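Since we're looking at a predicted model, the values are computed, not measured.
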Amino acid sequence: MALITPIKTRVELALRRPVASLHEGTHPAIHIGRSHEFHDLREYVVGDNIRDIDWRATARSGQLLIKRYTAQRQATLMLVVASGRCLAGLASAHRTKRDVAIDVAGTLGMIATQHADRVGFLWTHDGDVRATRPRGGVLDLERGLQGIVDASQLDAADADLPLLLDRAIQSSNRRLIMAIIADDIDMNAVLEAKLRRLAAQHDVWYFSILDALPADLPGDVMGIGDTRRIPAFLRKHPRVREEFEEQRNARIDARHVALQRLSIRHLEVTDDDVVRTVVDAVGRWSRVR
């Protein structure tokens, strides 16, 4: 499992202390009623369900006793990845945005798996939406991540985030955690409307994979969508660098305002200790529930 194994190791190192799960996940909780695992017995009180009375224990003890169980509550995480040619671009001088997206998705998936939550995938591949059923295994995580890699090559079609969000809206009537992983794109009215509808149904998290600044890259740079090259001397000119930074910051600010308005938790991700950054974000978001 070439993709998930190194992520699993880094997640385990990042989780040196107990942390909250993605949502509710698997948390032992004592309650009265039928569930998965027997916990203990206690004396009957008025209002308890008589079906939970343990008659044999009652006969032995001479007191009316009922069974208590440990409830197991599972969350379902859907990794919604806007895969395509855009993710083949660079997030840094050394790694592509596809690599960063795999780190984000794999980290979220491993946290969920460690809490016995289920994980599914939605992603785009050459104009179509692919999906996997939510499952709980590491092997299923590996297969989903490989699907994203295959769909995010230089010769792939562009991502279609509106189409992907439509599929996410239709994917389940149950409340899920929808973790959207997308390129550094402009937020517009169409996307905001779809995100508003998705957030009304589900708990939505949004991860933006930021482009590398051209001035930080070595040599000449060629755009993903065309064959024009930007020579290094031009990219490193102070005014050109300033314009690139202004444009990126404007996109980030507009996205921040829109997602704040929709009460969607969001994170801008660079190629800088991705696993730790995502683990810390999940910890913060879980604590404020």
Between [atom1] of [X] and [atom2] of [Y], what distance do you get to the nearest 0.5 Å?
X	Y	atom1	atom2	answer
Q170	L165	CD	CG	11.0 Å
I4	L139	CD1	CG	11.0 Å
L65	D52	CG	CG	12.5 Å
R98	D150	CZ	CG	9.5 Å
H125	S152	NE2	OG	8.5 Å
H115	M110	NE2	CE	11.0 Å

Quick one: closest heavy-atom pair of [X] and [Y], and the distance?
X	Y	value
A182	L161	CB-CD2, 4.3 Å
L79	A105	CD1-O, 3.6 Å
D117	A75	OD1-N, 3.0 Å
R175	A200	NH1-O, 4.1 Å
M178	S171	CE-OG, 3.3 Å
A82	L87	O-CD1, 3.8 Å

Is the closest side-chain heavy-atom distance between [X] and [Y] below 4.5 Å?
X	Y	value
N188	V190	yes
Q146	R143	no
R42	K67	no
D103	I7	yes
T107	V274	no
V278	L108	yes
L262	Y206	no
I180	L195	yes

*asked:* Applying ring pair (Phe, Tyr, Trp, His ring centres under 6.0 Å) as the test, list every pair that has at least one member in residues 254-275; sequence neighbours left out.
replied: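 Qualifying pairs: H256-H266.
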*Sequence neighbours left out, what pairs pass ring pair (Phe, Tyr, Trp, His ring centres under 6.0 Å) with at least one residue falling in residues 142-171?*
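Passing the test, one end in residues 142-171: no pairs.
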*asked:* Among D160, D158, D183, exactly one meets salt bridge (Lys or Arg N to Asp or Glu O under 4.0 Å) together with R85. Which residue is that?
replied: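 Of the listed options, the one satisfying the test is D158.
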_Enclosure of R56 CZ (heavy-atom neighbours >12, cutoff 6.0 Å)_ =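 Open.
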_Does N173, at its CG atom, have more than 12 non-hydrogen atoms belonging to other residues, nucleotides or ligands within less than 6.0 Å?_
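No, because the 6.0 Å sphere around CG of N173 holds 12 heavy atoms or fewer from other groups.
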*By ring pair (Phe, Tyr, Trp, His ring centres under 6.0 Å), which residues pair with F121, not counting sequence neighbours?*
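By the ring pair (Phe, Tyr, Trp, His ring centres under 6.0 Å) rule, F121 matches no residue at all.
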Go through the structure and list residues passing side-chain hydrogen bond (donor to acceptor under 3.5 Å, both in side chains) with [X], not counting sequence neighbours.
X	answer
D140	none
S92	D271
H202	none
R135	none

*What do the steps show when you test L163 against V129 for side-chain contact (heavy atoms from CB on, under 4.5 Å), and what is the final call?*
CA-CA 8 Å; L163 176 66; V129 176; 3.7 Å; yes
Heavy-atom donor-acceptor pair, [X] side chain to [Y] backbone, under 3.5 Å:
X	Y	result
D99	T96	yes
S83	T124	yes
E142	V138	no

Suppose we screen for side-chain contact (heavy atoms from CB on, under 4.5 Å). Which residues come up paired with [X], at least two apart in sequence or across chains?
X	value
D126	A156, A157
D273	R276
R197	I169, Q201
Q247	R251

*Is there a side-chain contact (heavy atoms from CB on, under 4.5 Å) between L64 and I53 once you walk through the steps?*
CA-CA 7 Å; L64 197 58; I53 295 174; 3.8 Å; yes
*Going through the checks in order, is the side-chain contact (heavy atoms from CB on, under 4.5 Å) test met by M78 and I177?*
CA-CA 6 Å; M78 188 64 72; I177 303 168; over 6 Å; no
*List, by chain and number, the other hydrophobic cluster members for I252, where Ile, Leu, Val, Met, Phe, Trp and Tyr join if side-chain heavy atoms come within less than 4.5 Å, directly or indirectly.*
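Grouped by the 4.5 Å side-chain rule, L210 form the rest of the cluster around I252.
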*Residues R255, D184: salt bridge by 4.0 Å N-O rule*: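 The answer is yes: the pair qualifies as a salt bridge.
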*asked:* Any salt bridge linking R248 with D211? Criterion: basic side-chain nitrogen under 4.0 Å from a carboxylate oxygen.
replied: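 Salt bridge absent between R248 and D211.
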*Can L141 and T113 be said to form a side-chain contact (heavy atoms from CB on, under 4.5 Å), step by step?*
CA-CA 9 Å; L141 270 181; T113 299; 3.5 Å; yes
*asked:* Please tell me whether W55 and Y44 form a close aromatic pair, meaning their ring centres lie under 6.0 Å apart.
replied: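 No, ring centres 6.0 Å or more apart.
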